[in-house]
Amino acid sequence: MSVAPWSYSRIKAFEQCPKQFYHMKIAKDYKEQYTEAMRYGTEVHGVAEDFISDGTPIPEKFAFLKGPLEALKRRQGKKFTEMRMGLTARLETCGFQDKDVWWRGIADLVIVDGTKAWVVDYKTGRNAGYADKGQLELMAMATFKYFPEVTKVHAGLMFVIAKKFIKAKYVFEDLPSLWDKWLASFDRMQIAYDNDTWNARPSGLCKRHCAVIECVYNGSN
């Protein structure tokens, strides 16, 4: 048995707290609450997708998106919005819902122009100071698989509220070291699954942001 299919969010959830990950993602005896921030993020993503895909006018409440989205829309290349990607354990492309899917990811925007590609992920957080480029790495790695002609990926986290664009660049030669890094992360999660060992990892999030009430650290810190 395998803990796959995995994704960036699953890896990060496991690293934050294996016990919480187990209850939320494996046993599923607790449900993640759909917050107002999550609802707002979903709405922003929908506006961006509609505008880039077919030019649907941007609602007045999201007028601040107009400049950044128009710049992306003007960029030359074939555009793919909310692109669902899947890879098998052999790192071959497959459908997002295929039985043999091993890794999954959804790219907010992929633009392919010859041997170059751009990958953009929209963020609605108000602080870009702790931006994690790990998601960009995985999206770039999958982009190289889905578009074999691409040799360079320009990627960015677009913080639409904070008005920051966190950039990264990846070349095809980066792939071996990137896969080594993420496979090591996956292996740690798989070992926990194989041994059914899910140790709690207390943090400042335990008090207000953890639904797993049976954990000894719940309500602390």
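For reference, positions follow the sequence shown, starting with 1.
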(message) Check the orientation of W179 and W102. Use parallel for under 30°, tilted for 30 to 60°, and perpendicular for over 60°.
(response) tilted

(request) Output, in order, the C-alpha distance, side-chain angles, deciding distance and verdict of side-chain hydrogen bond (donor to acceptor under 3.5 Å, both in side chains) for R39 and T42. (result) CA-CA 5 Å; R39 184 204 62 76; T42 298; over 6 Å; no

(request) Sequence neighbours left out, what passes side-chain hydrogen bond (donor to acceptor under 3.5 Å, both in side chains) with T151? Give chain and number order. (result) none

(request) Carefully, step by step, assess M38 and E32 under the rule side-chain contact (heavy atoms from CB on, under 4.5 Å). (result) CA-CA 11 Å; M38 293 168 68; E32 183 176 10; 4.1 Å; yes

(request) Taking all non-hydrogen atoms of both residues into account, name the closest pair between Q190 and M1 and its distance. (result) NE2-O, 3.2 Å

(message) Apply the hydrophobic cluster definition, ILVMFWY joined by side-chain contacts under 4.5 Å directly or through others, and give me every member besides F96.
(response) I106

(message) Is it true that, when you exclude K164 itself, more than 12 heavy atoms of the residues, nucleotides or ligands shown sit nearer than 6.0 Å to its NZ?
(response) no

(request) State which residues pass salt bridge (charged side-chain N to carboxylate O under 4.0 Å, His left out) with E173; sequence neighbours excluded, sorted by chain then number. (result) none

(message) Between M158 and V44, is there shared hydrophobic-cluster membership here, with clusters defined by ILVMFWY side-chain heavy atoms closer than 4.5 Å?
(response) yes

(message) The test is side-chain contact (heavy atoms from CB on, under 4.5 Å); show your working for E15 and S185 and say whether it passes.
(response) CA-CA 9 Å; E15 291 178 344; S185 294; 3.5 Å; yes

(message) For F14, does the six-membered ring have the charged nitrogen or CZ of K25 within the cation-pi criterion, i.e. under 6.0 angstrom from the centroid and within 45° of the normal?
(response) no

(request) Would you mind listing every salt bridge (Lys or Arg N to Asp or Glu O under 4.0 Å) that reaches into residues 196-206, with sequence neighbours excluded? (result) none

(request) Output the distance between atom CG (L69) and atom CD (E49), rounded to the nearest 0.5 Å. (result) 12.0 Å

(request) Determine, using the 4.5 Å side-chain heavy-atom cutoff (strictly less than), whether W103 and F21 are members of one ILVMFWY cluster. (result) yes

(message) Taking the ring centre of each residue, are F51 and F62 less than 6.0 Å apart?
(response) no

(message) Just verifying a value: how many Å separate L183 CG and R188 CZ, rounded to the nearest 0.5 Å?
(response) 11.0 Å

(message) Once salt bridge (charged side-chain N to carboxylate O under 4.0 Å, His left out) is applied, do any residues pair with R74, and if so which ones, sequence neighbours excluded?
(response) none

Donor-acceptor pairs under 3.5 Å, side chain of residues 125-144 to any protein atom, not counting sequence neighbours: which ones?
from, atom 1, to, atom 2, distance (Å)
N127, OD1, G129, N, 2.7
D132, OD1, G134, N, 2.8
D132, OD2, Y8, OH, 2.8
D132, OD2, K12, NZ, 3.2
K133, NZ, K167, O, 3.0
Q135, OE1, K123, NZ, 2.9
Q135, NE2, D121, OD1, 3.3
E137, OE1, K181, NZ, 2.9
E137, OE1, W182, NE1, 2.8
E137, OE2, K181, NZ, 3.2
T143, OG1, M139, O, 2.7

(request) Identify the two heavy atoms, one from P59 and one from V47, that lie closest to each other, and give their separation to 0.1 Å. (result) CD-CG1, 3.9 Å

Give the table of side-chain donor-acceptor pairs shorter than 3.5 Å for residues 107-119, with sequence neighbours excluded, one pair per line with atom names and distance.
from, atom 1, to, atom 2, distance (Å)
D108, OD2, H45, NE2, 3.0
D108, OD2, Y122, N, 2.7

(request) Working to the nearest 0.5 Å, report the span between NZ of K19 and OH of Y217. (result) 11.0 Å

(message) If you compare all heavy atoms of P5 against all heavy atoms of R10, which two are closest, and at what distance to 0.1 Å?
(response) O-NE, 3.3 Å

(message) Check for me, please, whether Y193 and V212 land in the same ILVMFWY cluster - side-chain distances under 4.5 Å, paths through other members count.
(response) no

(message) By the side-chain hydrogen bond (donor to acceptor under 3.5 Å, both in side chains) test, which pairs, at least two apart or in different chains, include something from residues 76-94?
(response) S53-T81

(request) Report the distance from atom SG of C210 to atom CD of Q16, rounding to the nearest 0.5 Å. (result) 8.5 Å

(message) Please determine whether the number of non-hydrogen atoms from other residues, nucleotides or ligands lying under 6.0 Å from atom CZ of F172 exceeds 12.
(response) no

(message) So, using side-chain contact (heavy atoms from CB on, under 4.5 Å) as the criterion, who are the partners of N199 when residues are at least two apart?
(response) T197

(message) Is there a path of hydrophobic side-chain contacts, each under 4.5 Å between heavy atoms, that joins L178 and V171?
(response) no

(request) Using the test side-chain contact (heavy atoms from CB on, under 4.5 Å), find all partners of A27 that sit at least two apart in sequence or belong to another chain. (result) Y22, D29

(message) I'd like to know if F159 and F64 are part of one continuous hydrophobic network [Ile/Leu/Val/Met/Phe/Trp/Tyr, side-chain heavy atoms within less than 4.5 Å].
(response) no

(request) Sequence neighbours left out, what passes side-chain hydrogen bond (donor to acceptor under 3.5 Å, both in side chains) with S9? Give chain and number order. (result) S7

(message) Go through it in stages, so that I can follow the logic: the residues are E214 and N218, the test is side-chain hydrogen bond (donor to acceptor under 3.5 Å, both in side chains), and I'd like the CA-CA distance, side-chain angles, deciding distance and then a yes or no.
(response) CA-CA 7 Å; E214 66 190 61; N218 188 278; over 6 Å; no

(request) Considering non-hydrogen atoms only, spot the tightest contact between M189 and W6 and give its length. (result) CE-CB, 3.7 Å

(request) Could you list the residues that satisfy salt bridge (charged side-chain N to carboxylate O under 4.0 Å, His left out) with K61, not counting sequence neighbours? (result) E43

